[in-house]
Amino acid sequence: MILSVDARPYTDQTLGTSGLRKPVPHIMQPHYVELFMQSVFDVVDVAGATLVLGGDGRFFNDRAIQTILKMAVANRVSHVVVGRGGLLSTPAASALIRARKAKAGIILSASHNPGGPDGDFGIKINAAHGGPIPVSVSDAIHQRSRTCDRYQILAGDDFSLAEEGRRHVEGCLVEVVDSVRDYVGLMETLFDFDRIGDLFRSGFTMRFDAMNAVTGPYATELFHRRLGLPEASLMNQVPKPDFGGLHPDPNPHHAAALVDMVAGRSEVDFGAASDGDGDRNLIVGRGLVVSPSDSLAVIAANARLVPGYRQGLAGVARSMPTSRALDRVAASLGIPAHVTPTGWKYFANLLEAGLITICGEESAGTGSDHVREKDGLWAVMMWLAILAERRLSVADILADHWRTYGRDYYQRLDFEEVDAGAAEELMDSLRRRLPTLAGTRAGAFEVVEAGDFAYTDPVDGSVATKQGVQIISGDARIIYRLSGTGTRGATLRVYLERFEPSAERHHLPTSEALAAVRDTAMAMAEVTRFTGRTTASVVS
Ligand code: G16
C-alpha cells in the first residue's frame, strides 16, 4: 500500500559541493530524509526510470536506504539497482549508473567526514552520465524542498539487502547486486593484472588502509584475491558504521598510522588509503607522502604506460586550487589543460564531452574517463601499474618527475569550525582589497595578479563566480576559499604553492620551502584577526 504523508517543509536542504550533508542528529529529524528525497524525485522526474542506490555504510545508511527504496517504489520508479548490504562506493555507483543506463544515482555518504551517531550523513545525487548533478539541478531541488510538504512511501516490511536477487514490488523491480564485481571488471579493462601481480611476486610490499570505510570489500577483492597482495597487508578493511572512530579522510593527519608505517619507518615500499566513500586517495612511499597535486601530475605523465591509456590523453584538468604541476605535464605532452572550480561536476562535463581523459584535485581526488567521479582505488591502481612498469621506488619516480618538470611545493592549511560570519568577513575583506593588491609587496612576495576565480563551462556555458581568491606572485601562489563540505561553522582553506625549478632545491621539507609564502598568506588575509587562530587545524 502506498501512503501519502503530510509534513512541514524544512528550509535548510541546500546542496553543497557534494549534495546534502548534515550532522546525523539533524538529518534524523522526523520526515527530513523523506521530504528531501521527494524533492529529488519530483525534480528528477523518476517515474518509469532506473535508479542506482547505495552508500558508504556509515551510521544511518541502513535506515535511509530502506526509506529511499520504499519512496522509489511509491514514486513509480521502474527499476532500482541497489548494492548488497546497501553498500556502493561512489566510483562503483558512477560505473553502475553508466552500465545500467540509469536516469540517476543516489549515494548515501558524507564522504571523508566522520560517521557515527554524532558524525555526519549525506545524500549525493548523480546524473545519468554518472557524475554529480549540475548546479542548476541542485538549485531546483533546494527550491522544491522549500515548499515540499507531502511525500509518497510504500507501507510495509523492509527489503532484504543481504543477498543478490530481484524482487518485483508494486510494478518496481528491486535488484540487489554485488557491490564489487562490476567495478573490478571495469578495472580489468584498464590494467594488466598480471603485470601488477608480478610486482607483488617480486617482493614489493604494500599496505592499504580502508579506514573502516567502504573500500574494504573492494580492496580485498582487487588487491588480495586478484593481485595476490597478502591479506595482512590490508588495514581496517571491514566497513563499520562509525568507521571505528577514525576520521576517514586519507590525508597524513588522519591516516597517520599508515603514514608512520610506510613513510616514517620505511619498512614498506608503498602505502595507500581511501576515504569514506572510496573516491579519494592517499599515496605514500618509503620516506615520503606524495602530495595529491604531484600524484595527479605523475599519473598524467606516465599514463601511456598503462593499457587503458596507451592511446594517449585527449586533455587534462585540475581544480583551480590544485598545483600547477599538471599544467607543466600537459604543456610537454602538447595537450590542453583545463582549470575548473572545485567540485567534480565541472570535470564530469569535460569528461562527457571527450575534452579530457584524466583530472584531479588537491583534495586527493583523481580520476579518468572510465567513470564520472573521482576514484580512489583507480588512483592506487595507476600508481601500482606505473611502479610495475618502471620498477623504481616512489621517491625515485617523484625525483625524476621533478627533475624533468621542476617541483611545485604545495601545502593546504585548514582552519576548521571557525565562526561562519568571521570567515565570510575575511573573504569579503580580501575581495574588497583585490583591485588594490596587484603591485603590492609583502616581503619577497610581489603580487602580480589578484582575482576571484570565475569559470565559464565550455560545455554547457554555465558561469560560476566567486570560486576562490587567487593571489599570484610569479612562481608562488596563495588561494583562499571556504569549504563547501563542512557541516559545523565554516572551514577556511588556505592553499600555498611555490615553483622550484632547480633540482638542488627539490628536497627541502615542504613547510620550510613554503615558510615565506605561508607568512605572507596569514598576514595578507589577516587570518588571526578574523578567526582568532594562529595555526591551522589540519595541514596537508
Ligand atoms: C567534494 C567534491 C570534490 C571537491 C571537494 C571539495 O568532495 O566532490 O570535487 O574537491 O568536495 O571539498 P571542500 O569544498 O571542502 O574543499 P567529496 O569527497 O566531499 O565528495
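Order of appearance sets the numbers: ligands from 1, and atoms from 1 within every ligand.
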Can you list the ligand 1 atoms lying under 4.0 Å from a non-hydrogen atom of G484?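 With G484 as reference, the close atoms of ligand 1 come out as 13 (P), 14 (O), 15 (O).
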
Proximal atoms of ligand 1 relative to G343 (non-hydrogen, under 4.0 Å):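 Within the 4.0 Å cut-off of G343, ligand 1 contributes 9 (O).
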
Which of these passes salt bridge (Lys or Arg N to Asp or Glu O under 4.0 Å) with R318: D408, D327, D294?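 One option only clears the test, and that one is D327.
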
Run the ring pair (Phe, Tyr, Trp, His ring centres under 6.0 Å) test against F60 and tell me which residues pass, sequence neighbours left out.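 Checked F60 against ring pair (Phe, Tyr, Trp, His ring centres under 6.0 Å); matches are F121.
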
Any chance you could lay out the side-chain hydrogen bond (donor to acceptor under 3.5 Å, both in side chains) test for D414 and S540, step after step, and finish with the verdict? CA-CA 8 Å; D414 296 334; S540 56; 4.7 Å; no

One residue to check: [X]. Relative to ligand 1, which of side chain, backbone, both or neither has a non-hydrogen atom less than 4.0 Å away?
{"X": "R21", "result": "side chain"}
{"X": "S363", "result": "side chain"}
{"X": "T485", "result": "both"}
{"X": "D279", "result": "side chain"}

Taking [atom] as the reference point, the nearest protein heavy atom with its distance:
{"atom": "atom 5 (C) of ligand 1", "value": "R280 NH2, 3.6 Å"}
{"atom": "atom 1 (C) of ligand 1", "value": "S18 OG, 3.1 Å"}
{"atom": "atom 17 (P) of ligand 1", "value": "S111 OG, 3.2 Å"}

Does ligand 1 have any atom sitting under 4.0 Å from a heavy atom of R481?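 Within the 4.0 Å threshold, so yes.
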
Among K124, E362, E361, which one has a heavy atom closest to atom 4 (C) of ligand 1?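 That would be E361.
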
